[in-house]
Amino acid sequence: MFGLGVVSTLLAALVVQPVTALWPLPTSMSSGTEALRLAPWFSIDTSSIPNPPSDLIAAIERTKTYLFTDQLELLDIDRGASYASSIYSSPYISSLSLCLTGSEPVLSISTEAIKPLESRDDSYTLSVPTGGAPAEIKANTTLGLLRGLTTFGQMWYDYQGQTYTLMTPLTVEDSPAYPYRGFMLDTARNFFPVTEIYRMLDAMSWVKINQFHWHVVDSQSFPLVVPGFENISYYGAYTPTSVYEPTDVANVVAYAAARGIDVLVEIDTPGHTSIIWKSYPEHVACPEYTPWATYANEPPAGQLRFASPATTNFTASLLGAVASMFPSTLFSTGGDELNTNCYTNDSITQYYLNSTGETLEQALSNFTVKTHSVLEAMGKTPVVWEEMVLVHNVTLSNETIVMVWISSEDVAAVAEKGFKIVHAASNYFYLDCGGGGWVGDNPAGNSWCDPFKTWQNSYTFDPNANLTVEQQKLIMGGEHLLWTEQSSPSNLDPIVWPRAASSAELFWTGPYLTNATAGGTAETNVTTALPRLHDVAYRMVQRGIMAIPLQPMWCALRPYACDLTA
């Protein structure tokens, strides 16, 4: 980590020179004010890399396309006209060289992206000199080269057909503060075609998000076609075409990996499984019982009969089949919002408990051990929601990763138990909060996690709050999450972007640079971040993502003029 002097200098530079619009903020950077134009014949050189992988070549082609098609005008009052003379007289840069510095064999971006969480290497250095000399990205891995290409692509603006930058010489040394920087999408409440997922993956890659948490199924629908368990989706998808075939999954995984993103699938168990009743009624307790609020947190009611040995074996086989579809070393089995009243009123569950002498908690622990052992035998690290640690007395392996979602106040309690943690707290990172209540016959209802969670709210989150120095090492990172009771492809972009970019920077750059410890208050750092986040949003729009504006354009063109005390 870098000293306060470096941080203060960097923040001061951002205030003076708002065109420094890199996101996430590099961990170390120096930039000048010299103009440079991108030559129409600009090329990216891989000659020093033996047999460059095809996905690196594809990433280079995407970068070159964005460089010449973004055509983003500078977010300034005259959209760059005041720099016209500097732009037109500036030299051309004609090439960018990519160089691998590691001693390991050259692996594809896709291979590097899905390595075990803490063994991925995203680090890179970027140098863009003045005068038109070649720029250079150096990295230990092709994944690092991809991150450097992403940063390089954020430097450039358009003025009357000239692609230019005003920040050379530029040097960047960059690596993420946390290995997990995620976004979760629920595709069960409402269905999202694969093309929409591709769009999200593209946008995620532009802000260096590296983990797609795919909450693919739930009580309402089961769109995932699982080999050997096809009946679940046959009876559980909304329509015959609202499904993800194995080929769709393979395509999503490949598309994500080529963009430096690992796919963490979640099959929530034993709760949130009502839909399985349609195909395997023997394994589900209280299916669609009413009133639903007595038996579940949301409709429809229905949970796996985990006290039944047959249901445990069925679930273990199902999870194993799903795990074989996803190469990631991470696999989430959920474990949230278990309704014990459902089992109290389920005669079959009570029969098994009485015949074995087990308590419900003991049966849940046995179920978890059995299902997780199948995943662990396949080389997977289990991921669970916080209730499996804080509410239930289940046996979990020490490597299990816990997502804390109910409240950020629960993080310390999970850390006390020694588990690795991913921040996913509803009071900071839930994108669906503030949309109003979605259950019917409730005219005065609000969303349970009101109010709306602004980008400022998540940006000022402290991942290390209330943790000892040793416990801070348990933090793997964090993610924004979208539960889709009130979302579909029609409103996906504006709900997610650019808000989700705030946690992308928080968990890449780290709280030391983004939060109050960075020589000032959290509010001042939000202030310096806003012009750069405007840039993220406008650039996303140029690339076809319908990100929402954060302020009137009048404000976006006049950094800090719309601050509360301006």
Side-chain angles (χ1 to χ4, degrees), residues 1-2 4 7-8 10-12 14-15 18 21-27 176-178 180-184 207-209 403-412 415 421-434 449-467 471-472 475-482 495-537 547-551 555-556 559-560 562-566:
M1 197 55 73
F2 296 88
L4 287 175
V7 176
S8 299
L10 180 54
L11 292 172
L14 289 173
V15 174
L22 306 185
W23 193 283
L25 190 68
T27 50
Y178 297 98
Y180 188 109
R181 308 171 305 280
F183 168 69
M184 190 221 77
V207 290
K208 301 186 177 73
I209 291 175
M403 290 189 167
V404 176
W405 71 273
I406 296 174
S407 171
S408 58
E409 297 299 319
D410 297 338
V411 171
I421 295 166
V422 168
H423 288 295
S426 61
N427 53 323
Y428 282 92
F429 301 115
Y430 271 30
L431 294 165
D432 51 305
C433 299
C449 56
D450 273 358
F452 181 90
K453 303 299 183 280
T454 66
W455 76 267
Q456 296 97 324
N457 186 60
S458 53
Y459 192 78
T460 56
F461 177 74
D462 183 358
N464 296 325
N466 303 314
L467 300 178
Q471 289 172 340
Q472 290 173 18
I475 303 300
M476 296 292 100
E479 66 181 21
H480 263 94
L481 307 91
L482 179 59
I495 283 183
V496 177
W497 304 112
R499 275 195 292 164
S502 61
S503 65
E505 176 156 293
L506 172 66
F507 294 113
W508 176 281
T509 308
Y512 189 82
L513 289 179
T514 62
N515 215 322
T517 53
T521 65
E523 287 75 16
T524 60
N525 292 323
V526 164
T527 300
T528 57
L530 180 56
R532 293 185 299 110
L533 192 55
H534 277 309
D535 200 271
V536 171
I548 62 168
L550 300 174
Q551 290 180 316
C555 305
Y560 319 113
C562 294
D563 291 356
L564 188 61
T565 57

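Just so it is clear, the values below take in all heavy atoms, side chains as well, and ignore hydrogens, waters and symmetry mates.
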- According to the interplanar angle, ranging from 0 to 90°, do the rings of Trp497 and Phe183 count as parallel (below 30°), tilted (30 to 60°) or perpendicular (above 60°)? tilted

- Taking C-beta and beyond as the side chain, do Pro559 and Leu530 meet within less than 4.5 Å on heavy atoms? no

- Task: Ignoring hydrogens and angles, tell me if any N or O in the side chain of Ser407 forms a donor-acceptor pair with the backbone of Asp410 under 3.5 Å.
- Result: no

- Would you say the side chains of Gln551 and His534 form a donor-acceptor pair under 3.5 Å? yes

- Query: How many angstroms lie between atom OG1 of Thr454 and atom CZ of Arg499, to the nearest 0.5 angstrom?
  - Reply: 8.5 Å

- Which distance, rounded to the nearest 0.5 Å, do you find between the CG of Leu506 and the OH of Tyr459? 8.0 Å

- Could you tell me which non-hydrogen atom of Pro463 sits nearest to which non-hydrogen atom of Tyr178, and how far apart they are? CB-OH, 3.5 Å

- Is it true that a side-chain atom of Arg181 and a backbone atom of Gly478 form a donor plus acceptor pair closer than 3.5 Å? no

- Task: Indicate yes or no: at least one non-hydrogen side-chain atom of Cys555 is less than 4.5 angstrom from one of Tyr560.
- Result: no

- Looking only at heavy atoms, the pair that brings Asn464 and Pro511 closest together is ND2-CG, 4.0 Å

- To the nearest 0.5 Å, what is the distance between OG1 (Thr527) and CG (Asp563)? 4.5 Å

- Flag the pair Val526 / Trp455 as yes when at least one side-chain heavy-atom distance between them is below 4.5 Å, and no otherwise. yes

- Message: I need the minimum non-hydrogen distance between Ser426 and Cys433, along with the two atoms involved.
- Response: O-SG, 4.0 Å

- How are the rings of Tyr430 and Trp405 set relative to one another: parallel (under 30°), tilted (30 to 60°) or perpendicular (over 60°)? parallel

- Message: Just verifying a value: how many Å separate Ile421 CD1 and Ile475 CD1, rounded to the nearest 0.5 Å?
- Response: 4.0 Å

- Item | Shortest non-hydrogen contact between Gln472 and Leu467, atoms and distance | NE2-O, 3.5 Å

- Query: Within the distance-only criterion (no hydrogens, no angle test), does the side chain of Glu505 pair as donor or acceptor with the backbone N or O of Leu25 below 3.5 angstrom?
  - Reply: yes

- Message: Quick check: closest heavy atoms across Pro24 and Val207, and the distance to 0.1 Å?
- Response: CD-O, 3.6 Å

- Message: Under the criterion side chain to side chain contact (heavy atoms under 4.5 Å, CB included), I'd like the reasoning laid out for Leu481 against Leu431: C-alpha separation, chi angles, the key distance, then a yes or no.
- Response: CA-CA 6 Å; Leu481 307 91; Leu431 294 165; over 6 Å; no

- To the nearest 0.5 Å, how far apart are CG in Asn457 and OG in Ser503? 11.5 Å

- Is it true that a side-chain atom of Trp23 and a backbone atom of Leu533 form a donor plus acceptor pair closer than 3.5 Å? no

- Message: Using 0.5 Å steps for rounding, measure from the OH atom of Tyr180 to the CD atom of Glu479.
- Response: 3.5 Å

- Side chains of Ser458 and Ser502: is there a donor and an acceptor less than 3.5 Å apart? yes

- Item | Shortest non-hydrogen separation from Val422 to Met476 and the atoms involved | CG2-CB, 4.2 Å

- Query: Does Thr27 offer a backbone N or O that forms a donor-acceptor pair with the side chain of Thr509 under 3.5 Å?
  - Reply: no

- Of the options Asn466, Asn427, Asp462, which is the one that meets Ser408 in a side-chain hydrogen bond (donor to acceptor under 3.5 Å, both in side chains)? Asn427

- Ignoring hydrogens and geometry, is there a side-chain-to-backbone donor-acceptor pair from Asp450 to Gly434 under 3.5 Å? yes

- Message: Less than 6.0 angstrom separating the ring centers of Phe429 and His423, yes or no?
- Response: no

